[in-house]
**Q** 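Dropping the structure in here first, questions after.
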Amino acid sequence: MKLEEKEFRTDKWEYLLLGVCLMFYLLFPIIDGPVWCVDSEGYVSMHISREPLYPSFLALCRWIAGIWKADALMIAVVLQSILAGMAAWFVGWVVRRAKQGSRVLQTAAIVFQFAVTLLNRFAAKRGSAYSDSILTEGLGLSLFVFFSAFLFLFIRTEKKRYFGWALVFSFLLVSLRKQMMITLLILGVILVWYELIRRRRVRRFLCLAVMVAAVFFAGKLFDRTYQYVVRGVWMEHSGNSMGILCTLLYSSDPERDAGLFTDETIRELYLEIMEQADAQQILYPYAGSGWLTTAIHYADSYDAIGYGIINPVVEGYIAEHFQLSEPEAAMQYDEICKEMRNTLFRQEPLPLLRVYCYNTWQGLVNSVAKAHPVLSLYAAAVYLFMGAAACCLVVQKKKIERRLSESVGEVAEEYEELVRQIDASLCFTMITMAGIVINAVVVGLFIFAQPRYMIYGMGLFYTACCMIAWDLYACWRKGILYKF
């Protein structure tokens with residue numbers, strides 16, 4: 001059933017919540033100021049390895065600062081904080097609209113967004129809010145909330161403008177960091193589920209799929225246009241092959257895998273990288289036992305392999321043997337990493353598969369808690385609760401629909417409304433879980449699953465849990481839970 005078009009006007013309650021959201025997030029730049037992080041320099045300097053959107057955003061802030069005679073980084077974090085406040089308010093508004101105007105669930109949705117920020121500021125080692133940091137997450141977390149909310153609205157109302165907004169936010173996210181290609185996968189999964197499996201509308205699915213593909217190519221075009229404007233070269237940002245190469249090197253055995261290389265130069269570079277990595281004990285054989293121990297060792301080794309060994313070795317080779325401009329050197333670097341990556345895909349799969357599974361599970365844990373022996377059990381329990389509760393709602397919905405055929409009047413209307421509520425909760429849960437699982441599966445393959453990459457759906461997950469629990473309570477309160 002579609003979402004009923006009940007418009008909740010922007011009353012005093014909505015203005016109050018919006019004001020609270022904005023004030024909450026604006027407190028962090030006021031108290032902490034702009035937070036400079038390890039990766040911040042690359043974005044500010046428009047490094048060739050960075051995706052185009054965030055450096056462009058910072059450049060815009062510098063232009064505004066030149067007009068206003070203000071601090072560009074402060075302008076950036078204030079804008080990020082305003083966006084975060086609007087995202088938190090908007091997801092609350094969407095939940096209220098879908099759940100009979102429930103202010104309780106609306107407030108809960110906002111509070112969960114606040115909670116993620118508070119955890120990062122006061123509980124995590126980083127000690128700062130992402131909305132207050134010079135990082136892609138400063139924009140990315142908020143844009144992902146908007147993306148998920150508009151996708152939910154599209155599925156519930158089938159209004160094209162909501163799908164259009166979901167595509168816009170997907171484009172922005174893809175242009176922000178390549179990890180956010182997951183939004184295209186999320187769109188694909190949800191469209192297959194809704195348009196093909198539920199509605200069986202093949203032609204409509206194909207049209208929407210073409211639009212999703214257009215976002216992918218638009219992201220490529222924006223990347224190349226940005227590099228052309230900044231560097232005068234029609235190319236994409238550098239370093240796309242380095243991510244998974246770090247993982248392949250981590251699980252590789254040089255005695256076994258050196259023979260895979262047909263290019264002698266690439267083989268020598270590989271052996272030099274592996275020799276240095278082995279000396280630092282940052283390869284898989286040194287990981288120890290247990291999934292968490294291995295996942296942590298892999299996470300600690302990832303940047304050490306990539307930035308500490310691959311970059312100096314490969315860039316040093318290029319500088320020694322070629323006289324190239326920055327873009328030409330970057331393209332040569334990408335070719336070497338790509339060749340090494342493609343070769344190492346033929347390595348013994350078991351160590352790589354084990355690292356991938358451990359890293360993916362760590363990503364799933366970090367999506368709702370933090371990778372820790374006890375909290376990993378909590379994560380497993382909360383996922384099981386989510387799955388069991390969702391299955392319970394599906395069964396209950398089918399029973400209610402059977403009773404509908406025998407009911408008339410107010411009773412039938414009551415059952416119809418309950419079915420709509422259950423549909424809304426299941427749809428929100430489906431989109432949220434698709435985001436979390438796809439993110440964990442993709443990140444688990446390409447990079448270590450630290451919380452920074454995994455928390456995009458954390459607030460949405462607990463909002464979905466509340467929505468499901470709310471519906472189960474409604475069924476129990478009406479005396480119809482398991483009574484048909």
Side-chain angles (χ1 to χ4, degrees), residues 119 124-126 137 177-182 185-186 241-257 273-274 277-278 280-310 340-341 343-387 432-458 461:
L119 285 173
K125 291 181 180 179
R126 71 185 323 275
E137 285 76 14
R177 58 180 299 118
K178 56 181 174 287
Q179 173 195 349
M180 289 295 104
M181 287 286 184
I182 65 165
L185 295 176
I186 294 168
S241 297
M242 196 266 278
I244 194 170
L245 178 59
C246 292
T247 306
L248 293 168
L249 289 166
Y250 176 79
S251 60
S252 177
D253 181 350
E255 293 184 3
R256 183 182 60 237
D257 298 335
I273 290 169
M274 295 302 290
D278 185 70
Q280 297 178 38
Q281 298 187 354
I282 53 176
L283 297 174
Y284 174 73
Y286 300 102
S289 61
W291 77 268
L292 185 56
T293 301
T294 301
I296 292 174
H297 182 265
Y298 165 71
D300 292 339
S301 302
Y302 186 90
D303 282 347
I305 293 173
Y307 297 105
I309 301 178
I310 294 177
M340 197 178 298
R341 178 201 68 188
T343 301
L344 289 176
F345 268 128
R346 303 199 303 272
Q347 68 179 268
E348 173 66 32
L350 187 58
L352 178 61
L353 180 61
R354 187 176 288 117
V355 171
Y356 173 63
C357 291
Y358 291 165
N359 194 40
T360 299
W361 173 240
Q362 184 185 32
L364 289 171
V365 174
N366 281 334
S367 297
V368 298
K370 180 175 175 57
H372 181 276
V374 175
L375 292 178
S376 64
L377 296 176
Y378 161 78
V382 77
Y383 281 130
L384 287 173
F385 164 79
M386 169 74 85
T432 299
M433 287 306 302
I436 288 175
V437 172
I438 290 172
N439 191 33
V441 168
V442 172
V443 170
L445 181 62
F446 288 96
I447 195 171
F448 61 103
Q450 64 170 315
R452 171 184 166 188
Y453 305 139
M454 308 312 304
I455 63 172
Y456 288 85
M458 183 180 286
F461 175 84

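Position 1 is the first residue of the sequence; numbering continues from there.
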**Q** Strictly by salt bridge (charged side-chain N to carboxylate O under 4.0 Å, His left out), give each pair with a member in residues 432-454 just once, sequence neighbours left out.
**A**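 Every pair satisfying salt bridge (charged side-chain N to carboxylate O under 4.0 Å, His left out) with a residue in residues 432-454: D39-R452, E137-R452.
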**Q** Do any pairs count as a side chain to side chain donor-acceptor pair (under 3.5 Å) and have a residue in residues 285-296, sequence neighbours left out, and if so which ones?
**A** D278-Y286
**Q** For V365 versus L375, what's the shortest heavy-atom pair and its separation?
**A**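 So the two residues come closest at CG1-O, 4.3 Å.
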**Q** For residues 360-380, pull every pair meeting side chain to side chain donor-acceptor pair (under 3.5 Å), keeping only residues two or more places apart or in separate chains.
**A**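 As it turns out, the side chain to side chain donor-acceptor pair (under 3.5 Å) pairs with a partner in residues 360-380, which skip direct neighbours, are Y378-Y462.
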**Q** Among residues two or more places apart or on two chains, list those pairs meeting side chain to side chain donor-acceptor pair (under 3.5 Å) that have a residue in residues 241-252.
**A** S241-R341, T247-Y298, Y250-H297, S251-Q347, S252-D257, S252-Y270
**Q** Atom CD1 of I309 and atom CG of D303: how far apart are they, to the nearest 0.5 Å?
**A** 11.5 Å
**Q** So which atom in A449 and which in V443 form the shortest heavy-atom distance, rounded to 0.1 Å?
**A**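 It is CA-CG1, 3.9 Å.
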**Q** Mind listing the closest non-hydrogen atom pair of I436 and G457 along with its distance?
**A**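 Here I436 and G457 meet closest at CD1-O, 4.0 Å.
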**Q** Are the side chain of N439 and the backbone N or O of Y453 linked by a donor-acceptor pair below 3.5 Å?
**A** yes
**Q** Could you pull out the closest heavy-atom pair between I186 and A434, with the gap in Å?
**A** CG1-O, 4.2 Å
**Q** Can you confirm whether Y307 is buried at OH, in the sense that more than 12 heavy atoms of other residues, nucleotides or ligands lie under 6.0 Å from that atom?
**A** no
**Q** Return a table of donor-acceptor pairs under 3.5 angstrom between the side chains of residues 348-358 and protein atoms on other chains or two or more places apart.
**A**
| from | atom 1 | to | atom 2 | distance (Å) |
| --- | --- | --- | --- | --- |
| R354 | NH1 | Y284 | OH | 2.8 |
| Y356 | OH | V441 | O | 3.0 |

**Q** Run the ring pair (Phe, Tyr, Trp, His ring centres under 6.0 Å) check on Y383 and F461 step by step: do they pass?
**A** CA-CA 10 Å; Y383 281 130; F461 175 84; 5.5 Å; yes
**Q** To the nearest 0.5 Å, how far apart are OH in Y456 and CD in Q179?
**A** 5.0 Å
**Q** Write down the atom of A440, the atom of G363, and the distance for their closest heavy-atom approach.
**A** CB-C, 4.2 Å
**Q** What pairs with R256 under salt bridge (Lys or Arg N to Asp or Glu O under 4.0 Å), at least two apart in sequence or on another chain?
**A** D253
**Q** What is the distance from atom CD1 of I310 to atom CG of L245, rounded to the nearest 0.5 Å?
**A** 4.0 Å
**Q** Please round to the nearest 0.5 Å and tell me the distance separating atom CE of M340 and atom CG of L249.
**A** 6.5 Å
**Q** To the nearest 0.5 Å, what is the distance between CD1 (I447) and SG (C246)?
**A**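 Here the interatomic distance stands at 8.0 Å.
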**Q** What's the spacing between Q281 CD and D300 CG if we round to 0.5 Å?
**A** 13.0 Å
